[in-house]
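Take a look at the structure below.
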Amino acid sequence: MDNSPSKPRKTERACKPCRDLKVRCLPCSEGGNICQKCQRSGACCIFEELKQRKKRKAPDDRTTVEALEEKLSDLAKQLEISNAQLQSIQGSSENQSPESQNLSSHTAPFASSFSGTQLADSCSFDQDDNVIEQLLRCGILTADTANAYLLKYRQMCEYSPFIVIPEGATIESLKQDQPFLLHAMLAVASRDSLDLQSTLERSLRERLLKTVMIEGEKSIDLLQAFLIYLTWEHFFHVPKKRLFNQLLQVAISMCVDMGLDSGPCEASARKARSQLDHHCLAGGKPDDIFFSKAARRVYIGCYYLSSASALVWRQPNNIHYTEYMMQCAQSLSKDPEYETDALILPLLRVLRLGGELHDLLLSTNLDYSSPSSSEQVLTYLRTFRANMDEALPNGLSDCLPINLANHFATFHACDMGLLSKSMVNKERQGDDSAASTSSQLDVLKASLDSAKCYVESFLSFPVSEYPKLAVPQWWGLIGSVYILYVLSIGTPQFPVWDVCVARDKIRLEIYLDLLCYRMQSITGSTTETSAGRDLFSLMAPIFANVKSSYERLKKLPQTTSSVDEAPVHGTAFEAKTPCNKRVKPGRCPADRKSVV
């Protein structure tokens, strides 16, 4: 006879606590309506009654077969309609003459009646596959259209020289060698087809983040794609849904991880975090002084974007300036691969000079109550202008991108902290002894002059060039309009400032009228409604609301207008659905860190 203890008998069904925990339910050895686990834990052991399962219909059931046949017939009809649409689209694009496909009059490769949803539904995209190949295969993007966008992007590089596509490169070669750069280039150059641009942007963003954040890949191609996306981010930027700073930090971390912030020799001596495969693949050696020219451009480009955003938004600049960076710019200037390489060194120098003077003129670093402050300010300004003249070569002094960068650096250097978040709509602290001094007013006049020059230079651009401008140039426009606006209505931070000085020198309402008209003509937006949700489409309503606020405030005494807290252009962003998030008075919803 076997005296070994018998194994616990399994119950016919588990109790509710065991079923919820997904554990084995064994009956208690003493018997009763309780299992071992519930006895130990003191839980209420409940055995629920079994529910009767619904009886499935037999496969040969007549009703089921008829329903499936009807569904199959509907799907076949939808497929026929979709194929007919694609064939008509491809046929119309093939019948176009070469003259009708030039860059200025190029139309979208699909019917304008296509909505964003129809475009996304007309072809399913697999993120693991080549998205560009899928677009070409579906007929949504044609080879002629892609080549036109490549030509357009080469023209856009005049305003941001950090990512250049070689003249000999084609769509086919880019698909093989630089697929991420190709995807980003098509996304930013396809502004004339908003549905196509939306599809390309969404797939690009998901593809970049998946490749870098999930798969952990790093390459110059990936970094270039990030930088292109960020450089023309105003096409994709949706107010209150900002991604720029997060994506910029990803790009900066890639720069550091790939060792681009130091030479190959120093980078190779770092820990395993440095990934120098990009240097080896480009034919470089560990003891080289510099990385490839493409790597140098993208490294300086990340710094330039980060520094420009830090100036306007007062965000921390997490990529620091080094002498090696200036050496990279000088090497590109001495041995340029492209004509635009000559722009990189002046852009970097102008940015650095403006930041240095800005720090010197802040009231925390300069005692404006001192009798010698006026002479000290004049010395700083003379030295700054001399250094700026030296930084700008004679052949580039009239170049529009360099000209805008010059004015941007100057009005930022002399803004006396007006662009800072802490200065917005704040009452003056202290008594009248803290009033503005004449030397501070001289600095504000210099900022006023430079902001005026920036807006007038911007208005001198042909309207057709606006879609090519990079985001730092649009930031400069926002900042310069803000400086003109504040100095024309007054600010409690500088109560002695006379708004008549600004109103006699500029006609802000005329500037805003011109900007509204130009943005309406290029985007299709009106002063009441915008053509899209992105910042580029919202510019016309923004400037229209700023003009309305200015016309209202300039009728008031300066003591009243300078402390007005009504929203400057809040109606430009009124949503159809209610939004519970409160927008602070006078704060720009498109740029939460500055005021326009």
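Keep in mind the model is a prediction, meaning the values are calculated, not measured.
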Can you give me every donor-acceptor pair (side chain of residues 220-229, partner residue at least two apart or in another chain, under 3.5 Å) with its distance?
unit_1 : atom_1 : unit_2 : atom_2 : d
Asp221 : OD1    : Leu181 : N      : 2.9
Asp221 : OD2    : Phe180 : N      : 3.2
Gln224 : OE1    : Gln178 : NE2    : 3.2
Tyr229 : OH     : Glu201 : OE2    : 2.6

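Taking the side chain to side chain contact (heavy atoms under 4.5 Å, CB included) definition, one finds that Arg518 meets it with Leu459, Val463, Tyr466, sequence neighbours left out. Residues forming a ring-ring contact (aromatic ring centres under 6.0 Å, His included) with Tyr303 (at least two apart in sequence, or on another chain): none. Among residues two or more places apart in sequence or in another chain, the side-chain hydrogen bond (donor to acceptor under 3.5 Å, both in side chains) test is passed with Thr526 by Thr529. Scored by the side-chain hydrogen bond (donor to acceptor under 3.5 Å, both in side chains) test, Glu172 finds Lys175 as partners (sequence neighbours excluded). Contacts of Lys37 classified as side-chain hydrogen bond (donor to acceptor under 3.5 Å, both in side chains), with partners at least two apart in sequence or in another chain: none. Qualifying side chain to side chain contact (heavy atoms under 4.5 Å, CB included) partners for Ala169, counting only residues two or more places apart in sequence or in other chains: Arg154, Ile165, Pro166, Ser173, Leu174. Residues meeting the side chain to side chain contact (heavy atoms under 4.5 Å, CB included) test with Pro336, sequence neighbours left out: Asp341. Not a single salt bridge (Lys or Arg N to Asp or Glu O under 4.0 Å) links Glu339 to another residue, sequence neighbours left out. Ala544 is linked by a side chain to side chain contact (heavy atoms under 4.5 Å, CB included) to Cys516, Thr527, counting only residues two or more places apart in sequence or in another chain. By the side-chain hydrogen bond (donor to acceptor under 3.5 Å, both in side chains) test, Asp74 is found to be paired with no residue, residues two or more places apart in sequence or in another chain being considered.
Side-chain contact between Leu400 and Phe458 is absent, with no heavy-atom pair separated by less than 4.5 Å. Put simply, the side chain of Pro27 does not reach to within 4.5 Å of the side chain of Cys35, judged on heavy atoms. For the pair Ile542 and Leu535, the minimum side-chain heavy-atom distance is below 4.5 Å. Pro179 is not listed as a side-chain neighbour of Ile132, based on a closest heavy-atom distance of 4.5 Å or more. Side-chain atoms of Leu515 and Val481, non-hydrogen and from C-beta on, do get closer than 4.5 Å to each other. The shortest side-chain heavy-atom distance between Met539 and Ile478 falls under the 4.5 Å cut-off. Under the 4.5 Å side-chain criterion, counting only non-hydrogen atoms from C-beta, Thr231 is not in contact with Val188.
In terms of modelled atom types and a separation under 3.5 Å, the side chain of Ser480 and the main chain of Val455 share no donor-acceptor contact. Side chain of Ser309 to backbone of Leu305: a donor-acceptor contact under 3.5 angstrom is found. Side-chain N or O atoms of Thr199 include one that pairs as donor or acceptor with a backbone N or O of Asp195 at under 3.5 Å. When atom types are taken as modelled, the side chain of Glu215 and the backbone of Val212 share no donor-acceptor pair closer than 3.5 angstrom. One N or O on the side chain of Ser525 and one on the backbone of Ala531 form a donor-acceptor pair closer than 3.5 Å. When atom types are taken as modelled, the side chain of Ser190 and the backbone of Ser193 share no donor-acceptor pair closer than 3.5 angstrom. With Arg296 contributing its side chain and Phe291 its backbone, the two residues share a donor-acceptor pair below 3.5 Å. Remark: the backbone N or O of Leu200 is paired with a side-chain donor or acceptor of His183 at under 3.5 angstrom. Under a 3.5 Å cut-off, the side chain of Gln197 and the backbone N or O of Ala187 do form a donor-acceptor pair.
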Item to complete: Determine, step by step, whether Cys15 and Ile46 satisfy the side chain to side chain contact (heavy atoms under 4.5 Å, CB included) criterion, reporting the C-alpha distance in whole Å, the side-chain angles of both residues, the deciding distance to 0.1 Å, and the verdict.
Response: CA-CA 5 Å; Cys15 66; Ile46 301 173; 5.9 Å; no
Item to complete: With side chain to side chain contact (heavy atoms under 4.5 Å, CB included) as the test, would you mind laying out the steps for Ile252 and Ser306 before giving the verdict?
Response: CA-CA 9 Å; Ile252 291 174; Ser306 182; 3.8 Å; yes
Discussion item. Does Asp534 form a side chain to side chain donor-acceptor pair (under 3.5 Å) with Ser537? I'd like the steps, not just the answer.
Written reply: CA-CA 6 Å; Asp534 57 275; Ser537 300; 3.1 Å; yes
Item to complete: Just do the side chain to side chain contact (heavy atoms under 4.5 Å, CB included) check on Thr170 and Leu150 with the steps written out, would you?
Response: CA-CA 8 Å; Thr170 63; Leu150 177 59; 5.6 Å; no
Practice prompt. Please step through side chain to side chain contact (heavy atoms under 4.5 Å, CB included) for the pair Arg297 and Glu337, ending with a clear verdict.
Written response: CA-CA 11 Å; Arg297 288 189 204 97; Glu337 185 177 3; 2.8 Å; yes
Discussion item. For a salt bridge (charged side-chain N to carboxylate O under 4.0 Å, His left out) check, start with the C-alpha distance between Arg19 and Glu48, then their side-chain angles and the critical distance, and finish with the verdict.
Written reply: CA-CA 10 Å; Arg19 287 174 66 87; Glu48 295 180 338; 5.4 Å; no
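Considering CG of Asp192 and NZ of Lys152, their distance stands at 5.0 Å, rounded to 0.5 Å. To the nearest 0.5 Å, atom CD of residue Gln473 and atom NZ of residue Lys468 are 12.5 Å apart. To the nearest 0.5 angstrom, Ser253 atom OG is 10.0 Å from Ile319 atom CD1. With rounding to the nearest 0.5 Å, the separation of CG in Leu141 from CG in Leu136 is 4.5 Å. Interatomic distance, SG of Cys255 versus CG of Asp261, reported as 7.5 Å (0.5 Å rounding). Atoms CZ and NZ, from Arg205 and Lys210 in turn, are 15.0 Å apart once rounded to the nearest 0.5 Å.
Nearest heavy-atom pair, Glu158 versus Leu343, reported as atom, atom and distance to 0.1 Å: O-CD1, 3.6 Å. Among all heavy-atom pairs drawn from Ala310 and Asn317, the shortest one is CB-CB, 4.0 Å.
Counting heavy atoms of neighbouring residues, nucleotides and ligands inside a 6.0 Å radius, atom NZ of Lys16 does not exceed 12 of them.
Evaluated for a ring-ring contact (aromatic ring centres under 6.0 Å, His included) with Trp232, the options Tyr159, Tyr153, Phe536 yield exactly one hit, Tyr153.
Between the side chains of Tyr149 and Asp144, no donor-acceptor pair of N or O atoms lies under 3.5 Å.
Judged as a salt bridge (charged side-chain N to carboxylate O under 4.0 Å, His left out), the pairs with a partner in residues 536-549 (not counting sequence neighbours) are, in order, Asp513-Lys547, Lys547-Glu551.
By the 30° and 60° cut-offs, the orientation of the rings of Tyr304 relative to Phe162 is tilted.
Aromatic rings from Phe235 and Trp474 are positioned such that their centres are separated by 6.0 Å or more.
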